[in-house]
Chemist: 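Would you mind keeping the following structure in view while I ask a few things?
Note: hydrogens, waters and symmetry copies are ignored here, and every other heavy atom, side chains too, is used. This chain uses plain numbering: 1 for the first residue, then up along the sequence.
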Amino acid sequence: MRLRSLLFAPADSARKVEKAVGSGADGVILDLEDSVAPAAKDAARAEVVAMLRARPGTLIVRINPRGTAWYLADLAAVVAARPAAILLPKCTAPADLAMLAGQIDVLEAAGGVPAGSVGVLLLATETAESLRDMNYAGVSPRLRALCFGAEDLSADLGISPRRPDGRLAAPVAAARDRLLIAAAAAGVAAVDTPFPDPRDPAGLQAETGAAAADGFSGKLCIHPDQLEAVTAAFTPPPERVAWAREVVRLLDGSGAGVAVLDGRMIDIAHLKLARRVLAMAPEGQPGERS
């Protein structure tokens with residue numbers, strides 16, 4: 001599952017969903033939570049099921065959080081219709097992931113869905129409580145990514161998420177750092193928070209470039225116009241791909257523990273980085289070294 005650009009689309013708007021599906025985003029997230037009013041949630045859920053059945057295994061669904069009246073109904077309907085993944089909002093601890101994974105196990109078996117086919121993404125920093133325990137390593141093989149949510153966290157803290165110069169507020173930035181470390185420890189991708197203003201391409205480019213430099217694998221998007229800049233920021237250039245392929249050839253192919261590339265020593269840490277670069281490379285990118 002490539003996670004450079006993930007675009008939200010309101011589940012109750014067929015027009016916006018169709019536009020999102022054709023946008024070129026790595027993943028489309030059908031949203032049953034924030035973008036759907038309470039009175040419209042049951043109808044939106046039915047629309048999501050129809051969309052999933054038309055495109056099995058290709059769409060992500062953000063269900064409503066645990067503890068709401070819609071959580072179980074969302075989960076039962078969505079898993080049976082075969083999404084690529086479930087995005088769980090307001091995740092507060094690894095126990096939430098363990099419970100969700102177990103429920104998906106049962107629903108896959110009951111619905112004739114291939115076991116283990118539904119992945120999980122977690123919005124893991126939307127509440128202050130969620131920062132108490134972020135040890136997601138080994139909880140479930142379904143986990144694909146931890147996603148950073150700045151807006152809900154800042155609301156929980158009672159502050160604005162960003163300073164006037166665009167920098168994240170200190171406690172929000174601290175949560176972002178924790179999510180990066182937690183994702184690395186769990187061996188999954190880290191996906192950055194949405195940039196809130198589709199009319200500010202310069203701000204988007206600055207925030208996305210910083211996220212890529214810090215180790216995020218992708219970014220959540222709220223508008224199709226954000227996709228080009230986001231995808232480009234998280235796509236390694238051909239020369240980087242060429243370096244990664246050479247590292248793999250020298251270390252993985254030969255079984256050697258260390259080697260020399262371009263006059264510099266490389267070892268197992270470089271091999272790990274090279275594999276990550278290749279996982280983010282575009283399909284078919286040659287990456288030839290001159």
Side-chain angles (χ1 to χ4, degrees), residues 5-92 96-97 99-100 103-104 106-108 110-111 113 118-127 130 145 147-156 161 191 193-199 219-227:
S5 54
L6 299 177
L7 178 61
F8 281 106
D12 58 351
S13 174
R15 179 184 64 82
K16 291 182 179 179
V17 169
E18 288 300 324
K19 185 175 181 180
V21 168
S23 67
D26 284 342
V28 173
I29 303 171
L30 306 180
D31 185 22
L32 285 169
E33 191 205 13
D34 287 345
S35 63
V36 179
K41 287 188 184 288
D42 291 342
R45 184 187 309 119
E47 292 181 29
V48 164
V49 169
M51 295 171 197
L52 292 174
R53 294 199 184 283
R55 302 178 181 86
T58 63
L59 300 171
I60 302 166
V61 181
R62 177 163 70 171
I63 60 174
N64 285 283
R66 283 189 59 204
T68 66
W70 308 286
Y71 170 79
L72 287 176
D74 286 351
L75 197 55
V78 166
V79 170
R82 304 192 181 192
I86 299 289
L87 173 59
L88 179 68
K90 310 298 190 296
C91 182
T92 59
D96 288 355
L97 171 59
M99 178 171 289
L100 174 62
Q103 291 167 330
I104 295 175
V106 173
L107 292 168
E108 282 180 340
V113 178
V118 179
V120 171
L121 289 73
L122 300 178
L123 275 160
T125 62
E126 290 190 298
T127 65
S130 68
C147 303
F148 175 46
E151 302 294 330
D152 285 88
L153 175 60
S154 63
D156 201 32
V191 179
T193 193
F195 187 73
D197 188 355
R199 302 161 299 177
K219 192 170 183 66
L220 299 167
C221 300
I222 58 172
H223 194 281
D225 288 349
Q226 297 178 325
L227 294 174

Chemist: Hey, does the side chain of Gln103 reach the backbone of Leu75 with a donor-acceptor pair shorter than 3.5 angstrom?
Modeler: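 Checked: no pair found.
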Chemist: Can you measure from CD (Glu33) to CG (Leu123) and round to the nearest 0.5 angstrom?
Modeler: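 The CG atom of Leu123 is 8.0 Å from CD of Glu33, to the nearest 0.5 Å.
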Chemist: Measure across Phe195 and Gln226 and return the closest heavy-atom pair with its distance rounded to 0.1 Å.
Modeler: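 Closest approach of Phe195 to Gln226: O-NE2, 3.0 Å.
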Chemist: Short question: side chain of Glu108, backbone of Val118 - any donor-acceptor pair under 3.5 Å?
Modeler: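 At least one qualifying donor-acceptor pair exists.
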Chemist: What heavy-atom pair brings Ala14 and Met51 nearest, and what distance separates the two atoms?
Modeler: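 Taking Ala14 first and Met51 second, the nearest heavy atoms are CA-CE, 4.4 Å.
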Chemist: Closest heavy-atom contact between Ala40 and Asp12?
Modeler: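 Heavy atoms only, the tightest pair is CB-OD2, 4.3 Å.
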Chemist: I need the Asp96 CG to Leu122 CG distance, nearest 0.5 Å.
Modeler: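 Rounded to the nearest 0.5 Å, the CG-CG separation comes out at 8.5 Å.
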Chemist: For the residue pair Ala25 and Leu7, what are the closest heavy atoms and their distance?
Modeler: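 Here Ala25 and Leu7 meet closest at CB-CB, 3.9 Å.
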Chemist: Is a side-chain N or O of Thr193 found less than 3.5 angstrom from the main chain of Ala150, in a donor-acceptor match?
Modeler: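 Confirmed, Thr193 side chain pairs with Ala150 backbone.
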Chemist: Within this structure, what is the CG-CD distance for the pair Leu52 and Glu47, rounded to the nearest 0.5 Å?
Modeler: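 Reported value, rounded in 0.5 Å steps: 12.0 Å.
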Chemist: Does Lys41 use its side chain to pair, donor to acceptor, with the backbone of Val36 at less than 3.5 Å?
Modeler: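 At least one qualifying donor-acceptor pair exists.
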Chemist: Would you call Leu227 and Ser5 a side-chain contact if the rule is heavy atoms closer than 4.5 Å?
Modeler: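 Contact flag for Leu227/Ser5 side chains = yes.
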Chemist: Any idea which heavy atoms bring Leu121 and Ala85 closest together, and the distance?
Modeler: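 So the minimum-distance heavy-atom pair works out to CD1-CB, 3.5 Å.
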Chemist: Just checking, is any N or O donor in the side chain of Thr68 or Asn64 under 3.5 Å from an acceptor N or O on the other one?
Modeler: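 No donor-acceptor contact under 3.5 Å links the two side chains.
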Chemist: Where do Pro161 and Glu151 come nearest, in terms of heavy atoms and distance?
Modeler: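 Taking every non-hydrogen atom into account, CG-OE1, 3.5 Å.
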Chemist: Taking Phe148's backbone N and O only, do any of them form a donor-acceptor pair with Thr125's side chain (distance below 3.5 Å, no angle check)?
Modeler: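 Not confirmed, Thr125 side chain does not pair with Phe148 backbone.
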Chemist: Answer whether the closest heavy-atom distance between the side chains of Leu88 and Leu97 falls below 4.5 Å.
Modeler: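 Side chain of Leu88 against side chain of Leu97, heavy atoms only: no contact under 4.5 Å found.
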Chemist: How long is the straight-line distance from CG of Leu30 back to CD1 of Ile60, given to the nearest 0.5 Å?
Modeler: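 It comes to 9.0 Å.
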Chemist: Quick one: do Arg55 and Glu18 make a salt bridge, cutoff under 4.0 Å?
Modeler: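 Salt bridge flag = yes for Glu18 with Arg55.
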Chemist: Below 4.5 Å, heavy atoms only, C-beta onward: do Val113 and Leu107 meet side chain to side chain?
Modeler: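 Val113 does not reach Leu107 side chain to side chain.
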Chemist: Within this structure, what is the CG-CG distance for the pair Leu87 and Leu220, rounded to the nearest 0.5 Å?
Modeler: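 Answer for the CG-CG pair, Leu87 versus Leu220, is 7.5 Å.
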Chemist: Using side-chain heavy atoms (C-beta onward) and a distance below 4.5 Å, is Arg45 in contact with Asp42?
Modeler: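 Result yes, sub-4.5 Å side-chain heavy-atom pair found.
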Chemist: Which distance, rounded to the nearest 0.5 Å, do you find between the CD1 of Ile86 and the CZ of Arg62?
Modeler: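 Atom-to-atom, Ile86:CD1 and Arg62:CZ are 12.5 Å apart.
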Chemist: Does Val21 form a side-chain contact (heavy atoms from CB on, under 4.5 Å) with Leu59? I'd like the steps, not just the answer.
Modeler: CA-CA 9 Å; Val21 168; Leu59 300 171; 4.2 Å; yes
